[in-house]
Amino acid sequence: MIQTETSTVATRLNAAIRDVPDFPKPGILFKDITPVFLDWQLCDDIATDIISQLKAKPDAVCVVESRGFFIGMLLANKLQIPLVPVRKKGKLPARTKSYTYTLEYGSATLEIHEGVIQPGWNVLIHDDVLATGGTAMAAAELVKAEGGIVAGFAFIVELGFLSGLGKISAYTQDIVSIITY
Ligand code: AMP
């Protein structure tokens with residue numbers, strides 16, 4: 001097939017993301033990334049694109065439940081580094097540390113298994129969407145509580161109008177988003 005134009009990852013991603021109005025609450029425009037997963041090549045390209053924008057290779061990637069898990073595993077695999085899940089309260093079976101925060105539509109508690117992050121590890125935090133920044137900040141606080149260094153954040157989408165960067169830019173300047181709305 002002759003390609004008449006080359007689409008960037010951001011352009012293909014933008015075309016794949018579905019806007020769902022009033023989910024999970026009235027007034028929220030939900031950025032549904034599940035259609036992205038139908039295109040394995042796009043998923044692979046997203047992970048490659050994020051990695052190409054990182055200033056340094058991290059020692060581990062910390063992924064946030066649940067939509068951070070999908071591309072997060074690709075990042076860990078391509079970088080050949082450990083993956084550390086941060087999950088909602090009550091999901092991780094062993095001893096955990098927890099952090100409670102407010103988000104765009106409610107409040108939540110996130111947890112991390114104790115003793116998984118080695119002291120001094122440079123940890124990249126990944127989630128699908130940066131909205132108000134509360135979730136990413138909670139993950140960062142959990143990484144710090146476990147002795148890790150927050151070395152970077154990587155998102156597929158940033159909702160710039162919610163000013164999430166303000167909550168996380170004090171941790172690191174290495175913050176990557178493929179698309180900002
Ligand atoms: P926040 O803590 O406000 O930055 O919210 C980020 C988290 O909530 C991420 O885990 C997202 O998956 C989810 N999220 C928040 N707002 C949206 C939105 N408008 N569309 C899709 N996901 C969202």
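For the single chain, residues carry numbers from 1 onward in sequence order. Only a predicted model underlies this, so the values are computations on that prediction, with no experimental measurement involved. Both counts, for ligands and for their atoms, begin at 1 and track the order of listing.
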A.B. asks: Any N/O of Gly133 closer than 3.5 Å to an N/O of ligand 1?
C.D. replies: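 It does: an N or O of Gly133 is found under 3.5 Å from an N or O of ligand 1.
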A.B. asks: May I ask you to decide if Val64's main-chain N or O and His126's side chain share a donor-acceptor pair within less than 3.5 Å?
C.D. replies: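 Such a contact is absent between His126 side chain and Val64 backbone.
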A.B. asks: When only distance counts, is Tyr101 in polar contact with ligand 1, meaning an N/O pair under 3.5 Å?
C.D. replies: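 Among all N and O atoms of Tyr101, none is under 3.5 Å from an N or O of ligand 1.
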A.B. asks: If we only count N/O pairs under 3.5 Å, is Glu65 in contact with ligand 1?
C.D. replies: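 N/O-N/O distance below 3.5 Å does not exist for this pair.
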A.B. asks: Number the atoms of ligand 1 from 1 as they appear, then name those within less than 4.0 Å of a heavy atom of Thr132, with their elements.
C.D. replies: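 What qualifies from ligand 1 is 1 (P), 2 (O), 3 (O), 4 (O).
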A.B. asks: Arg67 and Ile33: side chain to side chain contact (heavy atoms under 4.5 Å, CB included), yes or no, with the steps?
C.D. replies: CA-CA 8 Å; Arg67 288 177 296 272; Ile33 61 159; 4.3 Å; yes
A.B. asks: For Val129, which part has a heavy atom under 4.0 Å from ligand 1: side chain, backbone, both, or neither?
C.D. replies: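 Contact part for Val129 vs ligand 1: both backbone and side chain.
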A.B. asks: Is ligand 1 under 4.0 Å from a heavy atom in the side chain of Arg67, in the backbone, in both, or in neither?
C.D. replies: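 The side chain, only.
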A.B. asks: Can you sort out which atoms of ligand 1 are near Leu159, meaning under 4.0 Å from one of its heavy atoms?
C.D. replies: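 Numbered from 1, ligand 1 contributes 18 (C), 19 (N).
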A.B. asks: Quick one: look at Asp128 and ligand 1, take heavy-atom pairs under 4.0 Å, and tell me if it's side chain, backbone, both or neither.
C.D. replies: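 It is the side chain that touches ligand 1; the backbone stays farther off.
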A.B. asks: Compute the shortest N/O to N/O distance between Leu130 and ligand 1 and return yes if it is under 3.5 Å, no if not.
C.D. replies: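 No, there is no polar N/O contact under 3.5 Å.
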A.B. asks: Can you measure from CD1 (Ile179) to CD1 (Ile156) and round to the nearest 0.5 angstrom?
C.D. replies: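 Nearest 0.5 Å value for the CD1-CD1 distance: 9.5 Å.
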A.B. asks: Assess whether atom NZ of Lys91 is packed by more than 12 heavy atoms of other residues, nucleotides or ligands within 6.0 Å.
C.D. replies: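 It does not: Lys91 NZ has 12 such atoms or fewer within range.
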A.B. asks: Out of Leu29, Thr102, Asp32, indicate the one that has the non-hydrogen atom closest to atom 19 (N) of ligand 1.
C.D. replies: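 Comparing heavy atoms across Leu29, Thr102, Asp32, the nearest one to atom 19 (N) of ligand 1 lies in Leu29.
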A.B. asks: Give the intermediate values and the outcome of salt bridge (charged side-chain N to carboxylate O under 4.0 Å, His left out) for residues Lys88 and Glu111.
C.D. replies: CA-CA 6 Å; Lys88 288 164 189 156; Glu111 295 183 334; over 6 Å; no
A.B. asks: Test your reading of the structure: does Val64 have an N or O sitting under 3.5 Å from an N or O of ligand 1?
C.D. replies: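 By distance alone, the answer is no.
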A.B. asks: Between Asp45 and Arg12, is there a salt bridge with N-O shorter than 4.0 Å?
C.D. replies: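 Salt bridge: yes.
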A.B. asks: Kindly identify the option in Thr135, Leu162, Ile33 whose heavy atom sits closest to atom 7 (C) of ligand 1.
C.D. replies: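 Comparing heavy atoms across Thr135, Leu162, Ile33, the nearest one to atom 7 (C) of ligand 1 lies in Thr135.
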A.B. asks: Counting the benzene-type ring for Trp, do Tyr181 and Phe161 have ring centres under 6.0 Å apart?
C.D. replies: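 No, ring centres 6.0 Å or more apart.
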A.B. asks: Is any side-chain heavy atom of Pro82 less than 4.5 Å from a side-chain heavy atom of Trp121?
C.D. replies: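 Contact flag for Pro82/Trp121 side chains = yes.
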